Amino acid sequence: QVQLVESGGGVVQAGGSLRLSCAASRDTFSRQRMAWFRQAPGKERDIVATISGSNGNTYYADSVKGRFTISKDNAKSTVYLQMNSLKPEDTAIYYCAAGPQTSVYSTQYAYWGQGTQVTVSS
């Protein structure tokens with residue numbers, strides 16, 4: 001059973017920072033590509049960032065480029081999303097996802113965490 005457990009969400013003022021964590025089972029982490037998505041109320045689930053399993057290549061949505069950083073700790077089987085210079089429009093539920101290949105499409109990811117709420121106040 002693949003499990004992804006997220007943590008680190010919360011309420012922060014605009015301009016602040018948060019770090020999200022996603023702990024995965026070891027076999028998941030070694031074989032899957034990892035990504036963060038987010039979903040705001042009434043909107044679709046959108047890609048935030050991806051990181052490949054082998055060479056650590058990353059991808060960022062234009063809306064977060066330069067502000068967010070995705071990284072992974074292989075020893076801890078954990079993926080992180082460091083979010084700086086947060087804006088009210090970053091408010092959403094953030095989901096960790098794992099899949100067999102790197103993709104910006106949520107349908108390509110078979111495994112999902114429960115989601116963690118991030119609220120940025122103005």
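Just so it is clear, the values below take in all heavy atoms, side chains as well, and ignore hydrogens, waters and symmetry mates. Nothing here was measured: the structure is a model prediction, and the numbers come from that model.
Taking hydrophobic clusters as Ile, Leu, Val, Met, Phe, Trp and Tyr residues chained together by side-chain heavy-atom distances below 4.5 Å, Tyr60 shares a cluster with Tyr94. Note: the hydrophobic cluster containing Val118 does not contain Ile47 (ILVMFWY, side chain heavy atoms under 4.5 Å, direct or indirect links). Residues Val79 and Tyr111 share a hydrophobic cluster, clusters being chains of Ile/Leu/Val/Met/Phe/Trp/Tyr side chains in contact below 4.5 Å. Note: the hydrophobic cluster containing Ile93 does not contain Val120 (ILVMFWY, side chain heavy atoms under 4.5 Å, direct or indirect links). In terms of hydrophobic clustering, with Ile, Leu, Val, Met, Phe, Trp and Tyr side chains grouped at heavy-atom distances under 4.5 Å, Met83 and Val12 are assigned to a common cluster.
A donor-acceptor distance shorter than 3.5 angstrom exists from the side chain of Thr116 to the backbone of Gly9, with no hydrogens or angles considered. The closest donor-acceptor contact from the side chain of Thr91 to the backbone of Glu89 lies at 3.5 Å or more, if one exists at all. The backbone N or O of Gln108 sits nowhere less than 3.5 Å from a side-chain atom of Ser103 that would complete a donor-acceptor pair. No donor-acceptor distance shorter than 3.5 angstrom exists from the side chain of Gln39 to the backbone of Glu44, with no hydrogens or angles considered.
Partners of Ser63 according to the side chain to side chain donor-acceptor pair (under 3.5 Å) rule, which considers only residues two or more places apart in sequence or in another chain, are Arg38. Not counting sequence neighbours, the partners of Ser17 by the side chain to side chain donor-acceptor pair (under 3.5 Å) test are Asn84. Partners of Arg19 according to the side chain to side chain donor-acceptor pair (under 3.5 Å) rule, which considers only residues two or more places apart in sequence or in another chain, do not exist here. With sequence neighbours left out, the ring pair (Phe, Tyr, Trp, His ring centres under 6.0 Å) criterion links Phe37 to Tyr109, Trp112. For Lys43, the side chain to side chain donor-acceptor pair (under 3.5 Å) criterion is met by no residue, not counting sequence neighbours.
Other residues sharing a hydrophobic cluster with Tyr80 under the 4.5 Å side-chain heavy-atom criterion for ILVMFWY residues do not exist; the residue is a singleton.
Scanning all heavy atoms of the two residues, the minimum distance from Ala40 to Ala92 falls at N-CB, 3.8 Å. Taking each heavy atom of Lys72 and Ser52 in turn, the nearest pair found is CE-O, 3.2 Å. For the pair Tyr95 and Gln114, the tightest heavy-atom approach, listed with the atom from each and the gap, is CE2-O, 3.8 Å.
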With salt bridge (Lys or Arg N to Asp or Glu O under 4.0 Å) as the criterion, how do Asp90 and Lys87 come out once you've worked through the C-alpha distance, each side chain's angles and the decisive distance to 0.1 Å? CA-CA 5 Å; Asp90 294 319; Lys87 304 175 182 180; over 6 Å; no

